[in-house]
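Below is one structure, written out as C-alpha cells, with a few remarks after it.
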Amino acid sequence: AGSAARGPLPFLLLLLLLLPAASAEPELRFRPPAEAPVRLFTEPELARYDGHQEGQPIYLAVKGVVFDVTSGKEFYGKGAPYNALAGKDSTRGVAKMSLDPADLTHDTTGLTEEELKSLDDIFNNVYKAKYPIVGYTSWRILNEDGSPNLDFKPEDQPHFSIKDEF
C-alpha cells in the first residue's frame, strides 16, 4: 500500500510540470529562436541569397531590413515573378511596385507620398507580418569607407521606426 501511495504523486508532479510547458508552447512557436543571430549584410553578401542556388535561403531587404523569404519561394525563387527583388535591398522597387532594375535599390529619394505610404504598408503588412528578420544591410549603419557610423540612430532614418521592427 505504501508504494501505491507514492506512485500517483510523482505522476501528478510530472503532469503539473508539463502542463505549463504545454500551454506556453503556442507562444514560443512564433518567436525567433534566441540563438539565431541577426547579421549585417553587405551588398555582395546579400546577393548570394538571390534564390538561384538550390538549398540556399532566399533573402531580400526592404528599408535596410533583411527578410528570409524562403517560405515564399514560389514568388521569390529562381524563375519566380518577384525573383528580381531577391538578393538585394529593393526598397524603391517595392515602393513603386516596380521590377525595373533601376528601381531595385535602397534609395528612396524622390518617391511620392503615395509611394512612401505604399512602402510602409507593404513593409509592415507583408514582409514583417510574413517573414522573419535575419539581419540588416550595412549601408544603414556603416559609412561608405566601411567604418561604423557613430551618429547612426535607427529612429532618425527616413521612413524607419525601430519600435515597429521588434
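Residue indices begin at 1 and follow the sequence shown. Computed from a prediction, not measured in an experiment: that's the story for all the values here.
The distance from the NE2 atom of H106 to the CD atom of E43 is 7.5 Å, given to the nearest 0.5 Å.
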- Query: Would E45 and K88 satisfy salt bridge (charged side-chain N to carboxylate O under 4.0 Å, His left out), going step by step from the backbone distance to the final call?
  - Reply: CA-CA 9 Å; E45 287 170 333; K88 58 185 71 73; over 6 Å; no
| message | side chain to side chain contact (heavy atoms under 4.5 Å, CB included) for I122 and M97? Distances and angles first, verdict last. | response | CA-CA 10 Å; I122 294 168; M97 296 186 185; 3.8 Å; yes
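Between D50 and H52 the shortest heavy-atom distance is OD1-N, 3.1 Å. In terms of heavy atoms, L60 sits closest to L85 at CB-O, 3.5 Å. Minimum interatomic distance between E74 and S71 (heavy atoms only, all atoms of both residues): OE1-O, 3.7 Å. Closest approach of V94 and S118 over heavy atoms only: O-OG, 4.5 Å. The shortest non-hydrogen separation linking A86 to I58 is CB-CG2, 3.8 Å. Minimum heavy-atom separation, L104 to G93: CD2-CA, 4.4 Å.
Exactly one residue among V69, V65, D68 makes a side-chain contact (heavy atoms from CB on, under 4.5 Å) with V134. That residue is D68.
Ring pair F41/Y59 is perpendicular by interplanar angle, where above 60° counts as perpendicular and below 30° as parallel. Between F75 and Y82, the angle of the ring planes lies from 30° to 60°, which puts this pair in the tilted group.
In summary, the side chains of D100 and S98 do not present any donor paired with an acceptor at a separation below 3.5 Å, with no hydrogens or angles considered.
By the 4.5 Å heavy-atom criterion applied to side chains, V66 and Y49 are not counted as neighbours. For the pair T70 and Y131, the minimum side-chain heavy-atom distance is 4.5 Å or more. Within the 4.5 Å cutoff, no side-chain heavy atoms of F67 are placed close to those of Y76. In this structure, T137 and L46 have side chains that are in contact, with non-hydrogen atoms separated by less than 4.5 Å.
The backbone N or O of G79 lies less than 3.5 Å from no partner atom in the side chain of N83, so there is not a single donor-acceptor pair. Q56 places no side-chain N or O within 3.5 Å of a backbone atom of Q53 that could act as its donor or acceptor partner. Panel note: side chain R92, backbone D107; a donor-acceptor pair is recorded below 3.5 Å.
Residues meeting the side chain to side chain donor-acceptor pair (under 3.5 Å) test with T105, sequence neighbours left out: none.
A salt bridge between K63 and D120 is present, with a side-chain N of the basic residue lying under 4.0 Å from a carboxylate O of the acidic one.
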